[in-house]
Amino acid sequence: MDEAVARANSNVALVQSWGARLPELNLPYTGSISLTLDGPCSTVRWSNRPDLATDRITIDDRPAQGASALRLQAYVDLVRRAGAGRSPCEVTIETTPGGVPGVGRSTATFAALALAGSAALGRRPTPRELSILARRGTGSAARSVFGGFVESVGGELGDGSDCYAEPLAEPQHWPLAALIAVVECDAATPRATVSAHDLKRSPFFPAWLEAHDDDLEAVRDAILARDLDRLGRAMEHNCLKARAVALAAAPPIISWAPATLAVIERVHALRAAGRGAYFTVGAGPHVTVLCAPDDSAPVAHALANVAGVAHVVRTRPGGAAELVQRA
């Protein structure tokens with residue numbers, strides 16, 4: 001029985017990418033830049049099982065169900081075809097206890113699944129090939145193949161061969177603190193469902209595309225120069241522009257909770273008091289705040305005291321996806 005175990009970390013987008021120009025291949029309209037996080041991760045064990053009649057997929061010791069099961073099964077089929085596999089398999093997925101839904105959980109899972117499945121099927125893809133394969137699960141998974149600061153190239157070709165992620169700077173290049181303010185929400189809290197059609201109907205979408213290369217350049221240069229103020233202001237500006245596009249879409253795409261805005265206001269207050277803290281918000285209501293390591297304790301304390309914040313996850317730049325076991 002061929003088996004492999006892989007682990008991948010979640011990432012947070014510093015320059016965001018909204019929607020997909022070709023949804024079936026998860027091809028984005030624009031490039032993006034992210035920070036791979038140390039801690040929130042997924043571990044995937046892929047075992048080829050000729051003795052099984054059908055695939056068996058579990059998440060945190062429970063059988064995958066509903067839409068999640070369908071999505072995972074489709075991706076397992078894709079990875080198996082890429083590896084010329086034939087037999088059924090058993091896939092077990094373990095996510096970080098206390099992980100943050102909406103902050104890269106599926107991103108880490110698909111990156112780990114791409115690596116574990118490829119290894120178990122005897123494939124040795126290059127990092128670029130692995131990134132392209134991970135992207136087929138979800139666009140942001142392409143970036144979790146690598147550690148530290150990562151840039152994803154949007155590409156132009158219809159087959160996706162020029163759409164991949166690549167390392168920008170290793171984790172040790174800049175040991176920033178990343179604090180995730182986990183916002184309390186329930187089933188009634190709206191979540192962003194990003195449709196390329198809806199986004200293109202936003203009057204701000206053309207301006208978003210036109211300015212995106214400037215955002216990528218500003219964030220890239222700030223990372224290489226390790227300039228937190230430049231990075232933070234460019235990251236926040238890109239985040240708010242993305243939200244403006246979403247709010248003006250038809251129908252509007254809304255996912256922030258009242259506490260999301262309260263955390264942003266607290267970050268502004270921290271900066272006014274002399275703390276270098278900067279925010280970004282992805283598809284969900286949770287807020288990621290970057291700051292210097294020496295400021296992480298007081299910033300985390302301030303965020304935890306915001307009404308509506310359940311808890312704060314403290315993390316830092318993390319490493320690339322890796323094989324934990326191969327048999």
Side-chain angles (χ1 to χ4, degrees), residues 8 10-36 71 74-75 78 102-111 113-114 127-146 149-168 191-220 223 234-235 237-250 253 255 280-284 288 321:
S10 302
N11 71 73
V12 59
L14 310 181
V15 177
Q16 302 184 24
S17 178
W18 274 110
R21 58 184 171 89
L22 194 60
E24 55 267 35
L25 295 179
N26 286 329
L27 298 182
Y29 285 105
T30 63
S32 58
I33 294 177
S34 66
L35 172 62
T36 300
R71 185 181 182 191
Y75 189 68
L78 174 70
V103 183
R105 179 178 289 181
S106 64
T107 292
T109 295
F110 283 109
L113 191 48
R128 179 174 295 184
E129 291 170 339
L130 185 63
S131 175
I132 290 173
L133 182 61
R135 187 206 71 229
R136 296 291 302 275
T138 184
S140 55
R143 302 189 304 253
S144 275
V145 167
F146 303 101
F149 299 88
V150 182
E151 181 162 359
S152 184
V153 181
E156 297 179 355
L157 299 178
D159 65 356
S161 59
D162 62 344
C163 179
Y164 51 83
E166 54 191 3
L168 181 59
R191 294 295 305 279
T193 301
V194 181
S195 161
H197 177 67
D198 295 341
L199 284 172
K200 289 180 71 174
R201 292 170 64 185
S202 170
F204 301 140
F205 189 68
W208 161 263
L209 292 180
E210 183 178 355
H212 205 76
D213 285 347
D214 291 340
D215 290 353
L216 289 169
E217 182 178 5
V219 168
R220 186 188 307 119
I223 290 170
M235 175 181 72
H237 189 48
N238 179 264
C239 169
L240 294 175
K241 285 191 295 184
R243 197 57 46 195
V245 172
L247 289 173
I253 300 168
S255 63
T280 189
V281 189
T288 300

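For the single chain, residues carry numbers from 1 onward in sequence order. Just so it is clear, the values below take in all heavy atoms, side chains as well, and ignore hydrogens, waters and symmetry mates.
The two atoms that bring Arg243 and Gly282 nearest to each other are NH2-O, 2.8 Å, heavy atoms only. Scanning both residues, Thr107 and Ala141, for their nearest heavy atoms gives O-CB, 3.5 Å. Closest of all the heavy-atom pairs between Ala165 and Phe146 is O-CE1, 3.1 Å. Closest approach of Ala111 and Val145 over heavy atoms only: CB-N, 4.3 Å. In this structure, Phe204 and Ala244 approach most closely via the heavy-atom pair CD1-O, 3.4 Å. Ala283 and Ser255 get closest at one heavy-atom pair: O-OG, 2.8 Å.
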Output, in order, the C-alpha distance, side-chain angles, deciding distance and verdict of side chain to side chain contact (heavy atoms under 4.5 Å, CB included) for Val12 and Thr280. CA-CA 9 Å; Val12 59; Thr280 189; 3.8 Å; yes
Residue pair Trp208, Tyr29: steps toward the side chain to side chain contact (heavy atoms under 4.5 Å, CB included) verdict: CA-CA 10 Å; Trp208 161 263; Tyr29 285 105; 5.8 Å; no
Show your reasoning for whether side chain to side chain contact (heavy atoms under 4.5 Å, CB included) applies to Leu133 and Glu129. CA-CA 6 Å; Leu133 182 61; Glu129 291 170 339; over 6 Å; no
Decide yes or no on side chain to side chain contact (heavy atoms under 4.5 Å, CB included) for Val15 and Met235, but give the supporting numbers first. CA-CA 6 Å; Val15 177; Met235 175 181 72; over 6 Å; no
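Here the side chain of Ser202 pairs a donor or acceptor atom with the backbone of Val245 at under 3.5 angstrom. Although no hydrogens or angles enter the test, the distance criterion places no donor-acceptor pair under 3.5 Å between the side chain of Asn26 and the main chain of Ala20.
With values rounded to the nearest 0.5 angstrom, Arg143 atom CZ is found 9.0 Å from Thr138 atom OG1. With values rounded to the nearest 0.5 angstrom, Asp214 atom CG is found 6.5 Å from Glu217 atom CD. The CD1 atom of Ile33 lies 12.0 Å from the CD atom of Gln16; values are rounded to the nearest 0.5 Å.
Under the 4.5 Å side-chain criterion, counting only non-hydrogen atoms from C-beta, Ile223 is in contact with Leu168. Proximity of Arg71 to Phe110: side-chain heavy atoms (C-beta onward) are separated by under 4.5 Å at one or more points.
Residues passing the side-chain contact (heavy atoms from CB on, under 4.5 Å) test with Ile132, sequence neighbours excluded: Arg128, Arg135, Tyr164. Checked against side chain to side chain donor-acceptor pair (under 3.5 Å), Ser131 has no partners two or more places apart in sequence or in another chain. For Asp215, the side chain to side chain donor-acceptor pair (under 3.5 Å) partners at least two apart in sequence or on another chain are Asn238, Lys241. Partners of Ser17 according to the side-chain contact (heavy atoms from CB on, under 4.5 Å) rule, which considers only residues two or more places apart in sequence or in another chain, are Pro28, Thr30, Ser32.
Judged purely by distance below 3.5 Å, without hydrogens or angles, the side chains of Thr36 and Asn11 never pair a donor atom with an acceptor atom.
Dense packing is recorded around CD of Glu24, with more than 12 heavy atoms of other residues, nucleotides or ligands lying under 6.0 Å away.
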Solution key, residues 149-159 side-chain donor-acceptor pairs under 3.5 Å, sequence neighbours excluded:
unit_1, atom_1, unit_2, atom_2, d
Glu151, OE1, Arg220, NE, 2.9
Glu151, OE2, Arg220, NH2, 2.8
Asp159, OD1, Ser161, N, 3.0
Asp159, OD1, Ser161, OG, 2.8
Asp159, OD2, Ser161, OG, 3.4

